[in-house]
Q: 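For reference, the structure I am asking about is given below.
Here is the naming used below: chain letters follow the sequence lines, and residue numbers restart at 1 for every chain.
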Protein chains: 2
Amino acid sequence: MTEIVNKMDVLKSYIETKGLKSTAQRDYIADTFFKTNTHISLDELLKKVKRKTPNIGYATVYRTMKLLTESGLAIARQFGDGQTRYENLPEDGHHDHIICIKCSRIAEFSNQKIEQLQMEAAKKLGFTVVNHKLELYGYCPDCV
Amino acid sequence: MTEIVNKMDVLKSYIETKGLKSTAQRDYIADTFFKTNTHISLDELLKKVKRKTPNIGYATVYRTMKLLTESGLAIARQFGDGQTRYENLPEDGHHDHIICIKCSRIAEFSNQKIEQLQMEAAKKLGFTVVNHKLELYGYCPDCV
DNA sequence: TGGTTAGATGATAATAACTTTCATTTTCAA
DNA sequence: TTGAAAATGAAAGTTATTATCATCTAACCA
């Protein structure tokens with residue numbers, strides 16, 4: 001609950017900083033997204049939003065998610081199915097994904113040791129890491 | 001040199017197994033791709049191929065890369081620029097990528113310890129890993 | 001070897017996802 | 001309140017990918 005309020009506040013302040021205006025549509029789309037746990041696509045989010053407000057258009061959802069991505073409140077990801085999927089900013093820090101190649105189920109995990117080794121590997125090449133993406137592909141317990 | 005011959009042989013046997021026919025166009029596209037070190041897009045590969053055989057069409061390049069991907073000789077990747085890029089099957093085992101978010105330079109690295117930790121993390125969730133993708137994003141030595 | 005046929009090709013059309021445009025509506029600071 | 005700036009929704013435009021279709025060609029066989 002406090003989570004949702006906080007994200008909304010972050011969004012509000014981002015909007016204010018950028019000199020944008022707040023609208024009912026954007027608020028509702030953002031709120032709906034913030035309450036989502038899955039990696040949602042634009043079409044899926046649009047469908048969800050339309051249940052209560054049928055007159056919202058695809059473009060508005062698109063623009064809202066673009067804004068949320070810019071502000072760091074959403075993360076855009078490509079899992080290889082040809083669609084961009086949006087993920088909520090995790091409260092408890094970064095996590096990685098493991099995707100079942102049979103049923104498409106996505107589980108999450110995080111491993112501090114891996115992160116550390118990544119940093120070290122990058123450093124060796126003279127790179128500075130600001131972000132990373134780790135995806136494992138395999139079979140989930142139900143599909144093995 | 002032997003590398004290219006081997007990959008061609010693998011392709012030939014894959015074609016035979018599947019009951020397909022061999023063609024000059026496909027051979028030339030595959031050969032060109034095998035000699036490529038970069039993560040090449042369809043358009044880039046088409047351009048390369050057209051230098052010697054201008055009458056080859058996009059569709060043939062597309063279909064050839066699809067075939068190479070199916071046969072495991074190429075790896076399709078999405079680095080987030082909206083295009084699928086194809087990478088040669090590495091001789092020396094799997095590697096990961098580190099991408100400069102300023103100049104787009106892509107460096108490669110591999111770390112056995114990371115791979116091992118991935119396996120362990122997956123196992124904890126009951127998953128079996130068959131593949132993975134690790135990308136670090138940051139600044140390269142020239143762009144820091 | 002020539003005929004047959006299933007696969008391959010190249011041009012083009014069709015999709016699908018994403019992005020932009022534009023007329024209109026809404027927000028909000030003065 | 002009002003007017004400039006931003007937002008919206010519908011629709012059009014892009015871009016990359018995939019499918020279609022009329023030939024063409026490889027490869028097997030009589």
Q: Would you kindly give the OH-to-P distance between Tyr14(B) and dG7(C), to the nearest whole Å?
A: 14 Å
Q: For Asn131(B), what residues pass the side chain to side chain donor-acceptor pair (under 3.5 Å) criterion, not counting sequence neighbours?
A: none
Q: Could you list the donor-acceptor pairs under 3.5 angstrom formed between side-chain atoms of residues 132-140 of chain B and any protein atom two or more places apart in sequence or on another chain?
A:
{"unit_1": "His132(B)", "atom_1": "ND1", "unit_2": "Gln118(B)", "atom_2": "OE1", "d": "3.2"}
{"unit_1": "His132(B)", "atom_1": "NE2", "unit_2": "His94(B)", "atom_2": "NE2", "d": "2.8"}
{"unit_1": "His132(B)", "atom_1": "NE2", "unit_2": "Asp96(B)", "atom_2": "OD1", "d": "3.2"}
{"unit_1": "His132(B)", "atom_1": "NE2", "unit_2": "Glu115(B)", "atom_2": "OE2", "d": "3.4"}
{"unit_1": "Glu135(B)", "atom_1": "OE1", "unit_2": "Tyr137(B)", "atom_2": "OH", "d": "2.7"}

Q: Return the polar atom pairs (N/O with N/O) between nucleotides 27-30 of chain C and the protein under 3.5 Å, or none.
A:
{"unit_1": "dT27(C)", "atom_1": "O2", "unit_2": "Lys21(A)", "atom_2": "NZ", "d": "2.9"}
{"unit_1": "dC28(C)", "atom_1": "OP1", "unit_2": "Ser22(A)", "atom_2": "N", "d": "3.4"}
{"unit_1": "dC28(C)", "atom_1": "OP1", "unit_2": "Ser22(A)", "atom_2": "OG", "d": "3.2"}

Q: Could you give the distance from OG1 (Thr64(B)) to CG (Leu73(B)), rounded to the nearest 0.5 Å?
A: 12.0 Å
Q: Using the side-chain hydrogen bond (donor to acceptor under 3.5 Å, both in side chains) rule, collect all pairs that involve residues 13-25 of chain A, keeping only residues at least two apart or in two chains.
A: none
Q: Test of understanding: clusters of I, L, V, M, F, W, Y form through side-chain heavy atoms closer than 4.5 Å, transitively. Do Leu11(A) and Leu20(A) belong to the same one?
A: yes
Q: At 4.0 Å (heavy atoms only), tell me whether Thr84(A) reaches a base, stays on the sugar-phosphate, or touches nothing.
A: sugar-phosphate
Q: Quick check: on DNA chain D, is the nucleotide nearest Lys66(B) upstream (toward 5') of the one nearest Asp81(B), or the reverse? Name the residue that is more 5'.
A: Asp81(B)
Q: What residues form a side chain to side chain contact (heavy atoms under 4.5 Å, CB included) with Lys123(B), not counting sequence neighbours?
A: none
Q: Using residues 49-63 of chain B as the side-chain source, report each donor-acceptor pair under 3.5 Å to any protein atom, sequence neighbours left out, with the distance given to one decimal.
A:
{"unit_1": "Thr53(B)", "atom_1": "OG1", "unit_2": "Val49(B)", "atom_2": "O", "d": "3.0"}
{"unit_1": "Arg63(B)", "atom_1": "NE", "unit_2": "Ala59(B)", "atom_2": "O", "d": "3.4"}

Q: Please name all residues satisfying side chain to side chain contact (heavy atoms under 4.5 Å, CB included) with Asn37(B), sequence neighbours left out, ordered by chain then number.
A: none
Q: Could you state the CD-C1' distance from Gln78(B) to dA17(C), rounded to the nearest angstrom?
A: 12 Å
Q: Identify, with sequence neighbours excluded, every residue that meets side chain to side chain donor-acceptor pair (under 3.5 Å) alongside Arg85(A).
A: Glu44(A), Asp81(A)
Q: Can you tell me if the side-chain N/O atoms of Gln83(A) get under 4.0 Å from OP1 or OP2 in dA16(C)?
A: no
Q: Given Asn88(A), which of His39(A), Lys7(A), Lys35(A) fulfils the side-chain hydrogen bond (donor to acceptor under 3.5 Å, both in side chains) condition?
A: Lys7(A)
Q: Drop me the distance from Lys66(B)'s NZ to Leu42(B)'s CG, to the nearest 0.5 angstrom.
A: 12.0 Å
Q: Which residue lies toward the 5' end of DNA chain C, Gly19(B) or Asp43(A), if each is placed at its nearest nucleotide?
A: Gly19(B)
Q: At the 4.0 Å heavy-atom cut-off to chain A, mark where contacts on DNA chain D begin and end, going 5' to 3'.
A: dA4(D) to dA10(D)
Q: Under 4.0 Å from any atom of DNA chain C, heavy atoms only: list the residues of residues 54-64 of chain A that qualify, in numerical order.
A: Tyr58(A), Ala59(A), Tyr62(A), Arg63(A)
Q: Under 3.5 Å, is there a donor-acceptor pair linking the side chains of Glu120(B) and Gln116(B)?
A: yes
Q: Applying side chain to side chain contact (heavy atoms under 4.5 Å, CB included), name anything that partners Thr84(A), two or more places apart in sequence or on another chain.
A: Ala76(A), Gln78(A), Tyr86(A)
Q: Please report the end-to-end axis angle for the helix from dT1(C)-dA30(D) to dA30(C)-dT1(D), five pairs per end, rounded to 10 degrees.
A: 20°
